[in-house]
Amino acid sequence: METNQSPPCKRPRRDRNREKAPSSNKIEVMEQEIWRDFPEDLFETVIARLPVAAIFRFRTVCRRWSSLLGSDSFSRQYSEAPHGLPWFYTITHENSNNNVAMYDPLLKKWHHQSVPLNHTKIVIPVASVGGLVCLLDLSHRNFYICNPLTQSLKEIPPRSVHGWSRVVVGMVLNGRSSSDGYKVMWLDIDGTCEVYDSTKNVWSCPGTFPPSIKLPLALNLRSQPVAVGSMIYFMCAEPDGVLSYDVSTGIWRQFAIPLPLHLTDHTLAEFQGRVMLVGLLCKNAATCICIWELQKMTLLWKEVDRMPNLWCLEFYGKHMKMKCLGNSGLLMLSLKAKHMNRLVTYNLLKREWQKVPDCMLPWSRKRQWITCGTAFDPVPCALV
């Protein structure tokens with residue numbers, strides 16, 4: 001050891017880590033020589049797998065990317081890519097004003113349309129398929145098809161039956177996506193029905209009911225129909241059960257299925273091709289939300305899950321009302337009582353309950369009341 005030289009001192013760990021860590025102020029510059037020849041089909045492959053909110057941010061990058069999202073090749077890439085949870089298209093009400101609010105369950109965030117609803121044409125969402133939502137006006141005669149993400153809207157020919165009557169509406173695809181066309185079907189309690197084919201732009205009558213199905217139908221007008229492939233299922237009463245119609249073959253079927261005991265509000269749901277039932281069980285002062293699955297062999301409802309007891313305690317002794325705002329894969333339930341209004345979602349795959357944050361307009365802190373809604377798959381390239 002050299003004379004008059006002190007031994008090396010040990011520096012603090014923080015100083016050593018600071019030297020090893022890269023500078024946080026360093027900005028990486030994308031080399032144009034590399035990225036300008038990046039294959040465009042790979043851009044589509046990557047963008048098609050991004051969350052929906054990120055896809056719409058990419059539209060603002062440049063005109064080429066904005067037009068890219070409307071191309072047939074991107075539509076094909078998006079239909080082949082795996083996607084997550086459906087969104088919810090809802091109508092909110094405040095001070096006699098109606099607005100559209102869309103809920104993204106992945107980000108747990110509400111989105112609001114920049115263009116408010118036309119007050120001269122009050123419409124309600126009644127069905128959805130392939131990224132499109134079917135809207136019906138209060139006369140229950142005029143229909144509209146929209147893509148909520150792009151805010152594109154088309155009015156289809158009004159149904160030919162005149163006179164006011166409440167109807168239930170179902171919707172199916174002709175192929176794998178909306179580019180292959182879609183069908184809209186309405187049905188009222190006296191058995192009158194029509195089917196609209198988007199490829200022909202006309203309504204047609206599917207024929208008469210078989211003698212085994214008695215008319216008039218005791219339809220549950222509070223339950224949205226569900227679609228599985230080309231089949232549309234409607235909720236019926238007297239007798240309790242399900243009415244089905246195959247859009248491709250024109251065949252009607254009716255199944256008598258007794259409902260669970262002490263069931264009040266209830267609606268059909270669909271999950272991975274299976275017909276489900278969600279309802280409000282009320283016995284004495286206790287209230288609970290339960291989920292059932294239809295057993296095809298026995299034609300009975302089998303309970304598969306129910307809301308946690310801790311949540312149900314909040315409803316004890318209250319006169320609860322339930323409305324289902326989305327019934328495909330992910331359920332959104334509106335639970336109301338005096339001085340209480342709750343929104344919850346239920347994931348049929350994960351069997352998971354979650355509370356929905358309050359819906360408030362960006363320019364107002366007042367809570368919005370959800371009046372009606374439906375679930376839809378967020379598809380930015382869906383064509384009306």
For L132 and M171, what are the C-alpha separation, side-chain angles and deciding distance, and is it a side-chain contact (heavy atoms from CB on, under 4.5 Å)?
CA-CA 10 Å; L132 302 178; M171 202 172 179; 4.2 Å; yes

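- Judged by distance alone, the side chain of D377 and the main-chain N or O of V379 form no donor-acceptor pair under 3.5 Å.
- No more than 12 heavy atoms of other residues, nucleotides or ligands shown are found within 6.0 angstrom of CG on L310.
- A donor-acceptor pair is defined here as one N or O able to donate and one able to accept, closer than 3.5 Å; such a pair exists between the side chain of N147 and the backbone of A382.
- Residues F271 and L349 come closest through the heavy atom pair CZ-CA, 3.6 Å.
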Please step through side-chain contact (heavy atoms from CB on, under 4.5 Å) for the pair D180 and L173, ending with a clear verdict.
CA-CA 7 Å; D180 299 320; L173 290 174; over 6 Å; no

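- For the atom pair CD1 (I124) and OG1 (T90), the distance works out to 13.5 Å, reported to the nearest 0.5 Å.
- A side-chain donor-acceptor contact under 3.5 Å links H266 to the backbone of T264.
- Both L299 and V226 belong to a common hydrophobic cluster when Ile, Leu, Val, Met, Phe, Trp and Tyr are linked at side-chain heavy-atom distances under 4.5 angstrom.
- Between C288 atom SG and R306 atom CZ the span is 4.5 Å, to the nearest 0.5 Å.
- Using a 4.5 Å cut-off on side-chain heavy atoms (C-beta onward), P125 and I91 make contact.
- With a 4.5 Å cut-off on side-chain heavy atoms, M340 and M320 count as touching.
- A 4.5 Å side-chain heavy-atom check between L215 and D190 finds every atom pair outside the cut-off.
- Remark: side-chain polar atoms of S223 are paired, donor with acceptor, to backbone N or O of L268 under 3.5 angstrom.
- Using the six-membered ring where Trp is involved, W87 and H111 have ring planes that are parallel, under 30° apart on the 30 and 60° scheme.
- Y346 and V278 end up in the same hydrophobic cluster when Ile, Leu, Val, Met, Phe, Trp and Tyr side chains are linked at under 4.5 Å.
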If you apply the rule side-chain contact (heavy atoms from CB on, under 4.5 Å), what do you find for F143 with V123, and how did you get there?
CA-CA 9 Å; F143 289 83; V123 292; over 6 Å; no

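- Counting heavy atoms from C-beta outward, L280 and L263 have side chains that stay 4.5 Å or more apart.
- A donor-acceptor contact shorter than 3.5 Å is absent between the side chain of Q354 and the backbone of V356.
- Taking each heavy atom of G373 and Q224 in turn, the nearest pair found is O-NE2, 3.0 Å.
- Taken to the nearest 0.5 Å, the CZ atom of F234 stands 5.0 Å off from the CD1 atom of I232.
- Between P105 and Y103 the shortest heavy-atom distance is CD-O, 3.4 Å.
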Applying side-chain contact (heavy atoms from CB on, under 4.5 Å), run through M307 and V344 and close with a yes or a no.
CA-CA 10 Å; M307 182 177 281; V344 299; 4.2 Å; yes

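- In this structure, L348 CG and Q272 CD are separated by 9.0 Å, a value rounded to the nearest 0.5 Å.
- Side-chain atoms of R253 do not come within 3.5 Å of backbone N or O of D246 as any donor-acceptor pair.
- Formation of a donor-acceptor pair under 3.5 Å by the W110 side chain with backbone atoms of A101 is not found in this model.
- Tested against V184, the residues L136, I145, V195 include a single side-chain contact (heavy atoms from CB on, under 4.5 Å) partner, I145.
- Using a 4.5 Å heavy-atom cutoff, the side chains of V304 and R274 are not in contact.
- By the criterion of side-chain heavy atoms lying less than 4.5 angstrom apart, applied directly or through intervening Ile, Leu, Val, Met, Phe, Trp or Tyr residues, L277 is not grouped with I291; the two fall into different hydrophobic clusters.
- Here the side chains of K154 and I156 are in contact, with some heavy-atom distance below 4.5 Å.
- To the nearest 0.5 Å, atom OG1 of residue T267 and atom CZ of residue R222 are 9.0 Å apart.
- The NZ atom of K214 lies 14.0 Å from the SG atom of C236; values are rounded to the nearest 0.5 Å.
- Summarising the geometry of A227 relative to E270, their closest heavy-atom pair is O-CG, 3.9 Å, with the distance given to 0.1 Å.
- When all heavy atoms of L217 and G191 are compared, the pair lying nearest together is CD1-CA, 4.1 Å.
- Both tests hold for K355 against W311: distance to the six-membered ring centre under 6.0 Å, angle to the ring axis within 45°.
- Of the possible donor and acceptor atoms, one in the side chain of Y182 sits under 3.5 Å from a partner among the backbone N and O of V384.
- Qualifying side chain to side chain contact (heavy atoms under 4.5 Å, CB included) partners for L294, counting only residues two or more places apart in sequence or in other chains: I257, V275, W301.
- Following chains of ILVMFWY side-chain contacts shorter than 4.5 Å, one cannot reach L259 starting from V168, and the two form parts of different hydrophobic clusters.
- Counting only heavy atoms from C-beta outward, the side chains of K323 and D265 never approach each other to under 4.5 Å.
- The minimum heavy-atom distance linking C146 with L153 is given by the pair CB-CD1, 3.6 Å.
- F376 and L107 end up in different hydrophobic clusters when Ile, Leu, Val, Met, Phe, Trp and Tyr side chains are linked at under 4.5 Å.
- A distance-only check finds a donor-acceptor pair linking the side chain of H112 to the backbone of M360 [under 3.5 Å].
- Contact of the S128 side chain with the Y89 side chain is not registered, since no non-hydrogen atoms from C-beta on lie closer than 4.5 Å.
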